[in-house]
2 protein chains.
Amino acid sequence: MSSFSTMAPFKAALVQEQALGDAEANLARIEERLREAAGQGVRLVVLQELHNGPYFCQVEDPGLFDLAEPVPGPTTERLGGLAGELGLVVVASVFERRASGLHHNTAVVLDSDGRLAGTYRKSHIPDDPGYHEKFYFTPGDGDFRPIETSLGRLGVLVCWDQWFPEAARLMSLAGAELLIYPTAIGYDPEDEAEEQARQLEAWRTIQRAHAVSNGLPVLSCNRVGHEPSPRNGGGISFWGHSFIAGPQGEILAEGPADEAALVTAEIDPRRSEQVRRIWPFFRDRRIETYGELSRRWRDQS
Amino acid sequence: MSSFSTMAPFKAALVQEQALGDAEANLARIEERLREAAGQGVRLVVLQELHNGPYFCQVEDPGLFDLAEPVPGPTTERLGGLAGELGLVVVASVFERRASGLHHNTAVVLDSDGRLAGTYRKSHIPDDPGYHEKFYFTPGDGDFRPIETSLGRLGVLVCWDQWFPEAARLMSLAGAELLIYPTAIGYDPEDEAEEQARQLEAWRTIQRAHAVSNGLPVLSCNRVGHEPSPRNGGGISFWGHSFIAGPQGEILAEGPADEAALVTAEIDPRRSEQVRRIWPFFRDRRIETYGELSRRWRDQS
């Protein structure tokens, strides 16, 4: 049983990286970062979404299913070994082959003893120009349950999930003590600067709001750098800005816009307890009125 | 039927005020502000929560039920007359006496023809030191339905509701085109400056996030000024900062921290349509997984 609310403060880190080529190149860099983090006394590390390579969903290409791997599989083996060796809890991201013709965008958690503590399959799947994820990923059929680790119950969600307060709430109601988002989001380079600024700030705002409404810290690790489209000259400029927020949504640490970084902050679990006492939102939810949240639209007639 | 998404831009205003004494004094000031707004071409005006007097919920006093009035009643009559005369849609706030022993914190909407277009009874009721609302207000027994007006369907909620994404979502699913929050929130003067800053920013963040997750503008009108407690020297310093945000949560206008102000901005309904096309969150909600949002807590065993 977790005793998160009385746990001493601990250091967490986000590994914000550019894509460096194939899985071996990226995992080699991640290994360096994990060692660097452990050397700084970090105990929890979050990697970005689909960190083993470029963001391949810019196009729909059946050949790219070759990139998928099982869970457990090579990536969880390797990262589990490092987690155990370094005594880190690691939240990672895998393009999961569950069966022939059935793939997921899956977050995996390696506990500090090296064990695969649990997985979460991305539930909300985007499909926008440059983000053709509905082609690759079946929506997760899980239940928004946090993953028990030596650092508490981790409410792990993935990227597009971050826009849905429902996902954050269901995780929190199930006892999540941190919300964690591996993500890969960026600008369309053809958008105007003002639109780009609004998008970044909206992304930060919605996730900070999950911290506020649920009274817990939020950790969001985004990739960085420009990745050209295989089909045209556009591509995506991933906006970095990975951040760690406290339980009032306050920014504790934030990464740069344009380069790789190890973003670290100290998380104090006792703050969540204090904040939930002064802002007792869970006391006051009007659950008898919430049934229609399960409707697609509350049509007029 | 509303055709909000093709409506031309219009000007909206928030009347951020200090409490000036009794209802007559406050309504006289509000009348001045409505005339000022109309003179500036404003078409929608939002007043702060319980604008007819000081925030009386700092203490529990049965005598204060004398302040309540029916709806429709004197305040809706007076404001309805002004709305009709000036051609304004007005969102106001009344301490409603529904029956002996049954009172609500009720938002009322007067349409630009002077008609009482609808009411909303605050659903989520706080009870914190200095905010003893559970003593005065029965939680609304409505259904989170927007109010149809000549400026579209207004998703009117009240103050503490603003911390609950469920309320914003239910209003949006029912077709709300704007979210509107009359509110009265402030600092405990004894809190440290850093805590005060976190609270203000959290309040702004959670409401801006409702704009983001639902793709619509949010208007929040807060009171301002220090109101001493009738029982001790503490009291509440209402933090002002009334704001209007666009459908990506971007701040369009914001009031000062320490004085009364008429806060105005232009709202462009067509922006909501554009934003919902690039961020199609309503397309992707996983409604088949949301049933447990109606649970108090998703207990472990």
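Order of the sequence lines sets the chain letters (A, B, ...), proteins ahead of strands, with each chain counted from 1. Heavy-atom basis, side chains included; hydrogens, waters and symmetry copies ignored.
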Quiz prompt | Minimum heavy-atom distance between B:R296 and A:F282, given as atom pair plus value | solution = NH1-O, 3.9 Å
Quiz prompt | Minimum heavy-atom distance between A:R198 and B:Q248, given as atom pair plus value | solution = NE-OE1, 2.6 Å
Self-check item: Min side-chain heavy-atom separation B:K134-A:D284 under 4.5 Å
Solution: yes
Quiz item: About how many Å separate CD of A:E166 and CD of B:E166, when rounded to the nearest 0.5 Å?
Solution: 8.0 Å
Quiz item: Quick one: salt bridge (charged side-chain N to carboxylate O under 4.0 Å, His left out) pairs with a partner in residues 137-147 of chain B, sequence neighbours left out?
Solution: A:E292-B:R145, A:R298-B:D143, B:R98-B:D141, B:D143-B:R145
Quiz item: Taking side chain as C-beta onward, heavy atoms only, is A:R169 less than 4.5 Å from B:Y290?
Solution: no
Self-check item: Spacing of CZ belonging to B:R286 relative to CG belonging to A:D161, to within rounding of 0.5 Å
Solution: 9.0 Å
Quiz item: Do B:I278 and A:E195 have side-chain heavy atoms sitting under 4.5 Å apart?
Solution: yes
Quiz item: For B:E190, does the CD atom have more than 12 heavy-atom neighbours from other residues, nucleotides or ligands under 6.0 Å away?
Solution: no
Practice problem: Using a cut-off of 6.0 Å, state whether more than 12 heavy atoms not belonging to B:E194 lie near its atom CD. | Solution: no
Self-check item: Heavy-atom pair count under 4.5 Å with chain B, highest-scoring of A:F144, A:W160, A:W297
Solution: A:W297
Self-check item: Among the listed options B:G291, B:A209, B:G246, B:A197, the residue most often paired with chain A at heavy-atom distances under 4.5 Å
Solution: B:A209
Practice problem: Pull out the residues in residues 199-208 of chain A that come under 4.5 Å of chain B, heavy atom to heavy atom, sorted by number. | Solution: A:Q199, A:E201, A:A202, A:T205, A:I206, A:R208
Exercise. Against chain A, label B:E250 side chain, backbone, both or neither, depending on which of its atoms sit under 4.5 Å from a heavy atom there.
Key: side chain
Practice problem: Name the region of A:I125, side chain, backbone, both or neither, that has any atom closer than 4.5 Å to a heavy atom of chain B. | Solution: backbone
Quiz item: Using 30° and 60° as the class limits, which term best fits the ring planes of A:W163 and B:W279: parallel, tilted or perpendicular?
Solution: tilted
Self-check item: Validation row: B:D127, A:P280 side chains within 4.5 angstrom (heavy atoms)
Solution: no
Quiz item: Who wins among A:A167, A:P129, A:G140, A:A211 for the most heavy-atom pairs under 4.5 Å with chain B?
Solution: A:G140
Exercise. For each of A:V275, A:D128, A:L293, tally heavy-atom pairs with chain B at distances under 4.5 Å, and name the one with the top tally.
Key: A:L293
Self-check item: Which residues share a ring pair (Phe, Tyr, Trp, His ring centres under 6.0 Å) with B:H103, sequence neighbours left out
Solution: B:F65, B:F95
Exercise. Could you tell me which residues satisfy salt bridge (Lys or Arg N to Asp or Glu O under 4.0 Å) with B:D188, sequence neighbours excluded, listed by chain and number?
Key: none
